[in-house]
Amino acid sequence: PPREIQASIFVDEDGDLATERHFDVRSGGELHLSFLKLTGGNVASNNLRGGSILVDGAAAILTVAHSIFGGCVETTLIAVHMPCARFGGSVSISGSARAVFLESTFVGSSALSGGALHVNGANTSVEIVRGNFSSNRALGRSGTDNDGDGLGLGGAIFVEGGRLTLNMTFFYANSASVAGMHIYQEQPTALDKQTSTFAVCAPGTFAPLPTKVMSVDVVTFMGCPQLC
């Protein structure tokens, strides 16, 4: 089984639960992970992106294989499920960075937007092959935060910019308080979905759907014959 890495958890001087992310990759840096389970990463108290991993900057590279992102650790100090980050409860990729996820699972993570994953930056590229996104949540209230960013968008993935490619990836029981049960995609971005399965087909599975920049190829929507 994957080796588990759990972020440190402590209570700050104000009595609030505080933790930190596992990895921070900046311009020119590379991080390659395999057969790991990451739990407990949480930067929500600082209103930051990427609960477990932040990849930000030109030529920054992340590869993850055969791993599990388990979201925040719920302890007796937390009565309800709380966000792990502002955007990207598990991972945030931005600033022309590049990331590849192979046979990895995102489960039970949460953020104000992008419960599991956040993608941003015109030249940012993220590819997910044989992934699994289950029970992730975007918890933000309707509207925007102080920076003008949308909240409650993309239960599994929030794409602000860049290119996201999904290949043989499974989505199940993700939720968003405002829009995009599984994925929220802002315009203009590129979203390629190849042989992927979305197990809950209902209004808001994708929002919005800019067809001029989206390629759909052999995608299965269980219980629904067409795009939601």
Side-chain angles (χ1 to χ4, degrees), residues 38 41 49-56 62 64 67-71 83-94 97-121 124-140 149-202 204-210 213-216 219 221 227-228:
L38 302 181
R49 297 177 288 114
S52 284
I53 301 176
L54 173 68
V55 185
D56 185 20
L62 171 68
V64 178
S67 295
I68 299 170
F69 293 90
C84 308
R86 182 176 70 163
F87 295 155
S90 291
V91 182
S92 177
I93 313 292
S94 61
R98 182 164 57 90
V100 177
F101 298 89
L102 174 63
E103 295 186 352
S104 293
T105 295
F106 296 78
V107 58
S109 188
S110 60
L112 298 183
S113 282
L117 176 63
H118 169 244
V119 181
N120 191 27
T124 299
S125 174
V126 177
E127 181 178 4
I128 301 170
V129 180
R130 293 190 292 274
N132 186 320
F133 289 82
S134 300
S135 302
N136 302 289
R137 297 194 286 178
L139 301 173
D149 296 313
L151 298 178
L153 307 174
I157 303 174
F158 178 34
V159 184
E160 287 191 277
R163 175 174 290 273
L164 172 65
T165 300
L166 303 173
N167 194 344
M168 294 179 287
T169 294
F170 180 74
F171 291 79
Y172 177 75
N174 302 291
S175 63
S177 58
V178 176
M181 177 189 305
H182 298 310
I183 301 172
Y184 187 94
Q185 176 191 5
E186 291 196 340
Q187 301 183 42
T189 62
L191 174 61
D192 299 324
K193 302 189 300 299
Q194 304 168 6
T195 59
S196 295
T197 299
F198 297 83
V200 177
C201 193
T205 296
F206 298 97
L209 282 174
V213 295
M214 186 177 66
S215 171
V216 179
V219 180
F221 296 83
L227 296 179
C228 302

Candidate pair Leu151 and Phe87, rule side-chain contact (heavy atoms from CB on, under 4.5 Å), full reasoning: CA-CA 9 Å; Leu151 298 178; Phe87 295 155; 4.2 Å; yes
Mind running side-chain contact (heavy atoms from CB on, under 4.5 Å) on Leu117 and Ile128 for me, showing each step along the way? CA-CA 11 Å; Leu117 176 63; Ile128 301 170; 3.8 Å; yes
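For the atom pair Ser175 OG and Asn136 CG, the distance stands at 8.5 Å (nearest 0.5 Å). One finds the CG atom of Leu153 at 9.0 Å from the CD atom of Glu160 (value rounded to the nearest 0.5 Å). In this structure, Leu166 CG and Ile183 CD1 are separated by 5.0 Å, a value rounded to the nearest 0.5 Å.
Looking at every heavy atom in both residues, Gly51 comes nearest to Ala85 through N-CB, 3.7 Å. Nearest approach of Ser90 to Gly71, heavy atoms of both residues: OG-N, 4.5 Å. Minimum heavy-atom separation, Leu38 to Ser52: CB-OG, 4.1 Å. Of all heavy-atom pairs spanning Pro83 and Ser110, the tightest one is CA-OG, 3.3 Å. Here the closest heavy-atom approach between residue Ala111 and residue Gly89 is recorded as CB-N, 3.5 Å. A pairwise comparison of heavy atoms in Gly154 and Ala138 identifies O-CB, 3.5 Å as the closest pair.
With sequence neighbours excluded, the residues forming a side-chain contact (heavy atoms from CB on, under 4.5 Å) with Asn132 are Thr105, Ser134, Phe170, listed by chain and number. A search for ring pair (Phe, Tyr, Trp, His ring centres under 6.0 Å) contacts involving Phe106 returns Phe69, Phe101, Phe133, not counting sequence neighbours. Partners of Ala97 according to the side-chain contact (heavy atoms from CB on, under 4.5 Å) rule, which considers only residues two or more places apart in sequence or in another chain, are Val55, Ala60, Ile93. Residues satisfying the side-chain contact (heavy atoms from CB on, under 4.5 Å) test with Ser94, not counting sequence neighbours, are Arg49, Asp56, Asn120. Under the salt bridge (Lys or Arg N to Asp or Glu O under 4.0 Å) criterion, Arg98 pairs with no residue at all, not counting sequence neighbours.
Under the 4.5 Å side-chain criterion, counting only non-hydrogen atoms from C-beta, Ser92 is in contact with Leu54. Residues Val126 and Leu62 form no side-chain contact, since every pair of their non-hydrogen atoms from C-beta on lies 4.5 Å or further apart. Residues Tyr184 and Val178 form no side-chain contact, since every pair of their non-hydrogen atoms from C-beta on lies 4.5 Å or further apart. A heavy-atom distance below 4.5 Å is not found between the side chains of Ile157 and His182.
The stretch residues 168-178 participates, sequence neighbours left out, in no salt bridge (Lys or Arg N to Asp or Glu O under 4.0 Å) pair at all.
Formation of a donor-acceptor pair under 3.5 Å by the Ser109 side chain with backbone atoms of Gly115 is found in this model.
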